[in-house]
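Numbers here are sequence positions counted from 1. The analysis underlying the following values was restricted to heavy atoms, covering all of them including side chains, and did not include hydrogens, waters or symmetry mates.
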Amino acid sequence: MRKALDKTQRGWWKQAVFYQIYPKSFQDTDGDGLGDLAGILQHLDYLETLGIDGIWLSPVFASPQADNGYDISDYCAIDPLFGSMEDMETLIREAKKRGISIIMDLVLNHSSDEHFWFREALKSRDNPYHDYYVWRDGDGITPPNDMRATFGGSAWTFVPHLGQYYFHQFAVKQPDLNWENESLRRELYRAIRFWVDKGVEGFRLDVIDQIAKEPDRKITANGPRLHEYLRELSREAFREEGLVTVGETWSANVPRAQVFSAPDGSEMSMVFQFEHICLDQKPGGEKWDVMPLELPKLKECFCRWQQGLHETGWNSLFFDNHDLPRIVSRWGDDGEYRELSAKMLATMLHGMQGTPYIYQGEELGMTNIRLPIEQYDDLEIKNLYRERVEQGYDPQDVMESIWKRGRDNARTPMQWSGDKNAGFTQGTPWLPVNPNYETINAQAALKDPDSVFYYYQKLISLRKTYPVFRDGDFRLLCPEDSRVFAYTRESGCRHMLVACNFTKESAAFSVPEACRDGRVLISNYPQGDMEQLRPYEAKILYWET
């Protein structure tokens, strides 16, 4: 029986598990090949069965979709692509009936260039909205400096009739907002209150560490006024006790995260940081420059964060999201050991302190896809391919990088069944469905009691049953072992051991004496030798003293 959390309690989200939905790829109900809000509503019972407590909903605001909704043109409107405001209100209401909160994905660093504010800003330097954005004088020949946009090209775009450049950290159609303008900040707070009044119970704050940018000093993340802005944002817009705020902070380290997610709630509930997910990137290279994962480095990273935030802050636990490739293809084995490695990775992550996030399809063990370049949709992938080929890279090598790390790996349609288009749409899907949908799909998983889905369901239930998952301290075992990731959690008389084999070979593991009387809470294999971990084997032992 699913245990619903009491969300009137302070810090309820510390015991919660969230599920990220990328609406465009979740479920299409009108045949246009694009997912919609009605499609999410259609699968709420599925999510309730899984046991999750909240949905992180990637942007459904009005948008020209230059960056899949992360370019908002109206903060208080639903994009017709996804449905109507009535659909959104129904989703909030029906999710709440099932104990599921809606956490909206809010972009406060930049807007669309089609937002009313920016259209007004273009009219003249004297327009009141002009100062809502970041401008610098120029001649149209030499930008204010050499800063590059994340998606390629200069971070500055010239507007001839104004004689000025505007700053954009991402796409040209995503001008950065000027947080130094108090009127802008008040507009954003009003938009947040609009959604809170409709029943939204939290927000994921996109690239929130970049709002205090100072481009003249080439500062994007962690500008001097960042904490001032975050405290004001929390005070003015997130005053309800139960609201959860999740800060996407690529620049966070442990000391910064302790401030961002301090227990007093003065800034945000938790951080969403990426240090662990960048460890297979070549030093000094871009995310496309990959190398094999060194397990001791991963263990050291997780240990530092687990111990560094214990009782001083709060972390998010994740492997997959809409910006990352599928973890089972990245650090697991998406062939013979797909299900075992998917379960192993889930065990390793969900045994830690923090709030876990499951990305749609992760609970099925969905995998990466290999497409020809012309079939990709992502702006980042297209720009990368063009730029690297122009620079002389071998096109095949560029494609290998895209197949490993491209964002569209995570954006292929959700695989609901073995029917046409994986049951995602009756039309033509906006992005090709992974060809393995006939064997990897929700319908098949729900019929198999040993599926990845039910393994996740059990992990979620365990987190609600045993307080040590939430409160226990963390001690890393065998730090130099290149095959086994093992650690203990302890809270008073409650103890837990998590042991995971990251390889397709058997691995010796010496169970500490104190753990030998523990009972198995969960394992991805039938009971076996305590001193030997089979390929991708994972187990959690629990005992009390």
Side-chain angles (χ1 to χ4, degrees), residues 1-5 14-19 49-53 299 302-303 306 310 315 317-319 327 332 337 339-358 362-363 365 445 448-478 484-502 507 509-545:
M1 185 67 181
R2 179 178 187 271
K3 285 188 174 182
L5 295 179
K14 291 186 176 182
Q15 204 171 344
V17 176
F18 290 98
Y19 185 95
T49 299
L50 182 59
I52 57 105
D53 306 287
K299 292 191 283 189
F302 270 110
C303 182
Q306 287 287 295
H310 186 62
N315 204 1
L317 303 172
F318 73 97
F319 280 139
I327 195 61
Y337 295 106
E339 290 192 272
L340 284 168
S341 63
K343 293 174 183 178
M344 181 277 292
L345 290 161
T347 307
M348 186 277 278
L349 193 69
H350 284 240
M352 295 191 187
Q353 184 175 60
T355 298
Y357 288 76
I358 301 166
E362 188 178 350
E363 78 283 6
D448 176 8
D450 196 38
S451 67
V452 178
F453 177 92
Y454 287 117
Y455 196 87
Y456 268 91
Q457 183 193 63
K458 187 171 183 180
L459 278 171
I460 293 168
S461 178
L462 290 172
R463 290 189 67 89
K464 294 180 172 64
T465 305
Y466 295 91
V468 67
F469 280 89
R470 181 190 62 218
D471 301 327
D473 60 16
F474 178 96
R475 183 166 71 91
L476 182 66
L477 305 178
C478 53
V484 176
F485 193 151
Y487 57 89
T488 60
R489 303 283 310 282
E490 180 177 312
S491 178
C493 64
R494 301 179 178 91
H495 310 266
M496 190 167 74
L497 166 71
V498 179
C500 300
N501 180 0
F502 260 69
F509 173 63
S510 181
V511 177
E513 189 66 35
C515 310
R516 291 179 182 274
D517 293 331
R519 61 186 174 89
V520 177
L521 288 184
I522 191 170
S523 176
N524 59 352
Y525 273 92
Q527 192 69 14
D529 185 353
M530 292 290 287
E531 300 296 316
Q532 194 79 11
L533 292 173
R534 288 160 283 190
Y536 293 106
E537 183 168 7
K539 62 181 66 175
I540 298 179
L541 304 182
Y542 177 82
W543 67 101
E544 295 184 3
T545 55

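With hydrogens and angles ignored, the 3.5 Å screen pairs a side-chain donor or acceptor of R489 with a backbone N or O of F469. K299 contributes a side-chain N or O that, together with a main-chain N or O of C478, makes up a donor-acceptor pair within less than 3.5 Å. Side chain of S341 to main chain of G332: no donor-acceptor pair is present (N/O by atom type, distance under 3.5 Å, no hydrogens or angles). With K539 contributing its side chain and L497 its backbone, the two residues share no donor-acceptor pair below 3.5 Å. The main-chain N or O of K343 is found under 3.5 Å from a side-chain atom of T347 such that the two form a donor-acceptor pair. Without hydrogens or angle criteria, Q457 side chain to T49 main chain gives a donor-acceptor distance under 3.5 Å. Panel note: side chain N501, backbone E537; no donor-acceptor pair is recorded below 3.5 Å.
Neither side chain, Q306 nor Y487, offers a donor N or O lying under 3.5 Å from an acceptor on the other.
Remark: F318 CZ to E362 CD distance equals 10.5 Å, nearest 0.5 Å. Once rounded to the nearest 0.5 Å, the distance linking OH of Y455 with CG of L340 reads 9.5 Å. T465 OG1 to L521 CG: the interatomic distance, rounded to the nearest 0.5 Å, is 9.0 Å. A distance of 8.0 Å separates CD1 in I52 from OH in Y19, rounded to the nearest 0.5 Å. Interatomic distance, E531 CD to F509 CZ, rounded to the nearest 0.5 Å: 8.5 Å. L462 contributes atom CG, which lies 9.0 Å from atom CE of M496 (distance to the nearest 0.5 angstrom).
The pair D53-K464 counts as a salt bridge, with a side-chain nitrogen and a carboxylate oxygen less than 4.0 angstrom apart.
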Please step through side chain to side chain contact (heavy atoms under 4.5 Å, CB included) for the pair L349 and I327, ending with a clear verdict.
-> CA-CA 12 Å; L349 193 69; I327 195 61; over 6 Å; no
Can you list the steps and then say if L459 with I540 is a side chain to side chain contact (heavy atoms under 4.5 Å, CB included)?
-> CA-CA 10 Å; L459 278 171; I540 298 179; 4.2 Å; yes
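Remark: N315 pairs with no residue by the side chain to side chain donor-acceptor pair (under 3.5 Å) rule, at least two apart or across chains. With sequence neighbours left out, E544 forms a salt bridge (Lys or Arg N to Asp or Glu O under 4.0 Å) with no residue at all.
By the 6.0 Å contact criterion, CZ on R475 is open, its count of non-hydrogen atoms from other residues, nucleotides or ligands being 12 or less.
Listed here is the closest heavy atom pair of W543 and C515: CH2-SG, 3.2 Å. Closest heavy-atom contact between L317 and M352: CD1-O, 3.5 Å. Counting all heavy atoms, side chain and backbone alike, G365 lies closest to V452 at N-CG1, 4.1 Å. Nearest approach of C500 to A538, heavy atoms of both residues: SG-CB, 3.9 Å. Here the closest heavy-atom approach between residue E339 and residue D450 is recorded as OE2-O, 4.4 Å. The two atoms that bring V484 and A507 nearest to each other are CG2-CB, 3.7 Å, heavy atoms only.
Under the side-chain hydrogen bond (donor to acceptor under 3.5 Å, both in side chains) test applied with Q353, the options R470, K14, H310 reduce to a single match, H310.
Aromatic ring orientation, H350 versus Y456: perpendicular (interplanar angle above 60°, classes split at 30° and 60°). Using cut-offs of 30° and 60° for the angle between ring planes, the F18 and Y357 rings count as parallel.
Counting heavy atoms from C-beta outward, M348 and F502 have side chains that approach closer than 4.5 Å.
Judged as a side chain to side chain donor-acceptor pair (under 3.5 Å), the pairs with a partner in residues 517-527 (not counting sequence neighbours) are, in order, Y466-R519.
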